Amino acid sequence: MTEEKSLNFIEEIVEADLAAGKHQTIATRFPPEPNGYLHLGHAKSICLNFGLALKYGGKTNLRFDDTNPVTEEVEYVDNIKQDVQWLGFQWAEELYASDYFQQLYEFAVKLIGKGLAYVDDSTSEEMAKQKGTPTQPGKNNNYRSRSIEENLKLFAEMKDGKHPDGSKVLRAKIDMAHVNMLMRDPVLYRIKHAHHHRTGDAWCIYPMYDFAHGQSDSIEQITHSICTLEFVPHRELYNWLIEKLEIYPTKQYEFARLNMTYTMMSKRKLLQLVNEKLVNGWDDPRMPTLSGVRRRGYTPEALREFCDKIGVAKRDNLIDIGLLEFCVREHLNKIAERRMVVFDPLKVVITNYAEGKSEILTSENNTEAENGGHREMPFSRELWIEREDFMENPPKKYFRLSPGGMVRLKSAFIIKCEEVIKDAQGHVTELHCSYVPESRSGQDSSGLHVKGVIHWVSALHATEVEVRLYDRLFVTEDMGSIEDDFKNHLNPHSLKVVNKVYAEPALAKAKVSDKFQFLRMGYFCLDPDSTKGKLVFNRTVTLRDSK
RNA sequence: UGUCCCGUGGUGUAAUGGUAACACUGCAGAUUUUGAUUCUGCCUUUCUAGGUUCGAGUCCUAGCGGGACAACCA
């Protein structure tokens with residue numbers, strides 16, 4: 001196979017490194033902080049990191065960046081692991097930055113010993129003031145000139161719990177006038193008398209991101225440490241620490257994070273939606289979380305295809321959510337069995353069909369699938385059709401049912417509308433139709449040609465289900481550009497529940513997360529809220545509509 | 001009035017000094033027992049100005065535009 005696909009800029013770097021013999025094999029890592037659920041932006045990162053290792057024969061570690069015990073929880077750890085596996089990837093090792101706390105502590109001592117770190121007693125307000133601004137240099141304070149011995153002693157005291165939260169920090173001693181704000185003596189360690197989900201109460205000082213992430217990369221001998229663009233300014237510090245600590249020189253590379261129309265990827269804001277009950281949990285099918293889209297009915301295959309299609313580059317982007325939906329439809333079209341379900345029922349009585357009679361017809365499950373097979377559908381005198389599939393005064397290009405008009409009932413017969421029954425208000429309540437017995441699907445000898453084909457369900461055999469119709473979570477296309485509260489942009493119609501939807505009997509056998517195409521209505525999957533008495537289906541995505 | 005990153009159709013992404021292309025979207029048509037799928041066609045592109053070069057989307061300079069950076073968050 002000679003499929004030629006151009007490389008993204010990171011693949012080019014990897015290939016160049018491999019070609020130059022810089023590495024024999026590569027190692028990447030996916031480093032989530034366990035303070036929330038994974039979302040579509042993480043999917044991009046996961047596909048990139050794991051994809052690279054798969055493509056070039058390396059390995060990928062799953063490493064939890066758990067250096068802030070106050071926001072992190074095991075619940076998140078468990079769900080993150082589940083999401084990564086669901087997406088279809090397996091990590092080489094499951095690791096935690098907290099595994100390295102002792103090592104990190106020793107790194108800090110080494111830095112102090114080299115005169116490259118000091119204990120600062122300033123408050124965070126004072127430190128902010130001394131730091132300057134992007135256009136003004138910062139100032140040194142008196143703590144900066146403490147002796148190595150004093151720093152060593154004080155840092156040990158911090159570790160031993162002799163000082164309260166916020167009273168002291170350990171800072172790198174770099175340059176308070178540096179043009180890069182991150183190089184103006186960044187905080188390395190802070191005191192937090194907090195219980196950690198893994199290390200318990202063993203520590204009361206915790207390293208900051210900049211003193212944990214790069215060091216963890218280095219300890220694991222990660223060859224390519226890939227992160228998003230907001231970490232570009234951190235790279236200088238990342239390299240400085242590796243150099244001063246004299247440890248394995250991992251290289252950091254940055255790519256542009258995923259942004260999508262009508263949604264939002266901020267973990268902090270997603271948490272807010274959950275906490276304020278504006279959605280029904282992290283796995284609400286409207287959420288851009290992996291657990292949300294999974295419950296919605298998206299498939300890992302579709303997500304991986306999507307990540308492949310959006311590419312990897314360094315410029316800011318806003319991906320049309322329609323592209324994700326395209327990928328979802330593309331996959332579901334191949335794998336989802338078809339079923340007939342009537343959402344807004346209108347009764348049809350077949351006047352020339354014997355009362356009490358019924359017969360079994362068959363319909364293909366999926367003509368797109370290799371061995372899609374068939375299912376049985378009962379047909380009888382009284383049927384439900386979609387109210388929308390009948391019009392009393394149809395426009396020219398309408399080719400469904402109208403008075404005196406004919407239509408094909410999918411996988412069944414051609415019927416003709418003979419009489420429209422209305423109530424006192426003039427509301428259509430029922431249609432009386434005749435059917436053409438020799439037009440039966442597969443053995444049609446009627447010679448009739450009708451353009452319209454509609455779905456239907458036998459009223460006698462229908463099973464009642466609930467359907468949840470989802471729309472975009474936000475009404476604003478670019479949520480990154482708003483200046484007011486993001487909650488002002490929530491779509492009030494993002495969820496519409498339709499009860500009493502009539503489904504063909506074959507659907508009653510559905511199991512949770514089973515995926516179907518409801519003919520002409522969209523793709524649906526069975527929600528875990530379903531009970532024996534009542535099945536609940538989520539609309540994953542509509543069908544393309546070119547009406 | 002700083003430093004860094006980035007500017008290619010409507011949206012993404014390619015083209016690695018040699019004919020600007022692929023996908024999505026949109027529009028038009030064909031096929032269709034799903035107005036789906038499938039198929040065909042069309043619309044629409046290198047931020048600006050200089051420079052290097054036989055030749056620049058690509059290299060250089062400047063400008064313009066967008067983004068990032070002043071958490072004891074990651």
Side-chain angles (χ1 to χ4, degrees), chain A residues 5-8 12 31-33 35 65-68 70-72 97 120 122-124 127-129 131-138 165-171 178-182 184 186-192 205-206 208-210 212-213 227-236 254 256 261 267-268 308-320 322-327 329-330 333-334 338 340 363-364 366-368 397-400 407-412 414 439 441-442 444 449-455 480 517-523 542-547:
Chain A
K5 201 179 176 263
S6 54
L7 304 176
N8 65 50
E12 281 178 9
E33 183 189 10
N35 67 344
D65 232 333
D66 56 349
T67 57
N68 187 0
V70 303
T71 56
E72 297 155 4
D120 193 329
S122 307
T123 63
S124 52
M127 277 180 50
K129 212 175 293 170
K131 197 145 198 176
T133 70
T135 52
Q136 290 170 297
D165 287 10
S167 62
K168 284 177 169 46
V169 292
L170 181 74
R171 301 177 72 175
H178 204 285
V179 324
N180 182 348
M181 298 286 292
L182 278 156
R184 324 243 260 228
V187 173
L188 266 23
Y189 264 93
R190 75 289 216 193
I191 302 170
K192 274 181 196 280
I205 55 169
Y206 292 93
M208 297 287 289
Y209 167 84
D210 287 304
H213 197 102
C227 60
T228 47
L229 250 26
E230 62 265 33
F231 292 98
V232 169
H234 291 253
R235 191 174 61 229
E236 196 171 11
E254 312 87 7
T261 55
K267 262 201 275 183
R268 207 192 92 246
D308 191 54
K309 276 184 155 62
I310 58 176
V312 177
K314 297 187 79 159
R315 65 187 95 110
D316 293 332
N317 59 78
L318 182 61
I319 308 283
D320 187 345
L323 180 61
L324 211 208
E325 294 180 340
F326 169 83
C327 294
R329 288 190 189 103
E330 188 180 44
N333 179 47
K334 293 197 190 91
R338 319 280 124 131
M340 293 198 219
S363 188
E364 61 276 4
N366 187 355
T367 53
E368 306 283 331
K397 291 241 227 126
Y398 187 83
F399 44 84
R400 285 165 278 165
V407 79
R408 155 79 62 184
L409 296 175
K410 168 73 181 170
S411 296
I414 291 174
S439 68
S441 267
D444 187 346
H449 286 288
V450 295
K451 177 108 169 137
V453 179
I454 65 173
H455 60 280
Q517 183 196 109
F518 291 176
L519 236 60
R520 307 204 300 135
M521 303 305 281
Y523 292 99
T542 59
L543 255 32
R544 223 177 122 236
D545 186 4
S546 52
K547 248 183 281 189

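Below, chains carry the letters A, B, ... as their sequence lines are ordered, and counting in each starts from 1. A quick note: this is a predicted structure, and the numbers were derived from the prediction, not measured. Every heavy atom of this structure was used, including side-chain atoms; hydrogens, water molecules and symmetry mates were not.
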Could you list the residues that satisfy salt bridge (charged side-chain N to carboxylate O under 4.0 Å, His left out) with Lys334(A), not counting sequence neighbours? none
Let me have a per-nucleotide readout for nucleotides 68-74 of chain B, 5' to 3', with B, S or -, counting only protein heavy atoms under 4.0 Å. -SB-BSB
Using the side chain to side chain contact (heavy atoms under 4.5 Å, CB included) criterion, which residues pair with Ile191(A)? Sequence neighbours excluded. Met158(A), His163(A), Asp165(A), Ser167(A), Lys168(A), His193(A), Ile205(A)
Partner residues of Arg171(A) under the salt bridge (charged side-chain N to carboxylate O under 4.0 Å, His left out) criterion, sequence neighbours left out: Asp120(A)
Which residues pass the salt bridge (charged side-chain N to carboxylate O under 4.0 Å, His left out) test with Arg235(A), sequence neighbours left out? Glu254(A)
Partners of Glu236(A) by side chain to side chain contact (heavy atoms under 4.5 Å, CB included), sequence neighbours excluded? His178(A), Asn180(A), Met183(A)
C1'-based separation of C39(B) from U44(B) [nearest Å]: 22 Å
Using the test side chain to side chain contact (heavy atoms under 4.5 Å, CB included), find all partners of Ala212(A) that sit at least two apart in sequence or belong to another chain. Thr67(A), Leu104(A), Pro207(A)
Apply side chain to side chain contact (heavy atoms under 4.5 Å, CB included) to Val453(A) and list each qualifying residue two or more places apart in sequence or on a separate chain. Arg408(A), Lys410(A)
Please give, in whole Å, the distance from G26(B) P to Leu323(A) CG? 12 Å
Under the rule of Watson-Crick or G-U wobble with both distances under 3.5 Å, where | means paired to another strand and [ ] a crossing pair, RNA chain B maps to .((((((..((((....[..)))).(((((.......)))))....(((((..]....))))))))))).....
Sorted by chain and number, sequence neighbours left out, salt bridge (charged side-chain N to carboxylate O under 4.0 Å, His left out) with Glu12(A) holds for none
For nucleotides 13-17 of chain B, tabulate all protein N/O to nucleotide N/O atom pairs closer than 3.5 Å, reporting atom names and distance.
| residue | atom | partner | partner atom | Å |
| --- | --- | --- | --- | --- |
| U13(B) | OP2 | Arg315(A) | NH1 | 2.7 |
| A14(B) | O2' | Ser6(A) | OG | 3.1 |
| U16(B) | N3 | Glu12(A) | OE2 | 2.9 |
| U16(B) | O4 | Glu12(A) | OE2 | 2.0 |

With the sugar-phosphate defined as primed atoms, P, OP1 and OP2, and the base as all remaining atoms, what B/S/- string results for nucleotides 28-45 of chain B, 5' to 3', for protein heavy atoms under 4.0 Å? ----BBBBSS--------
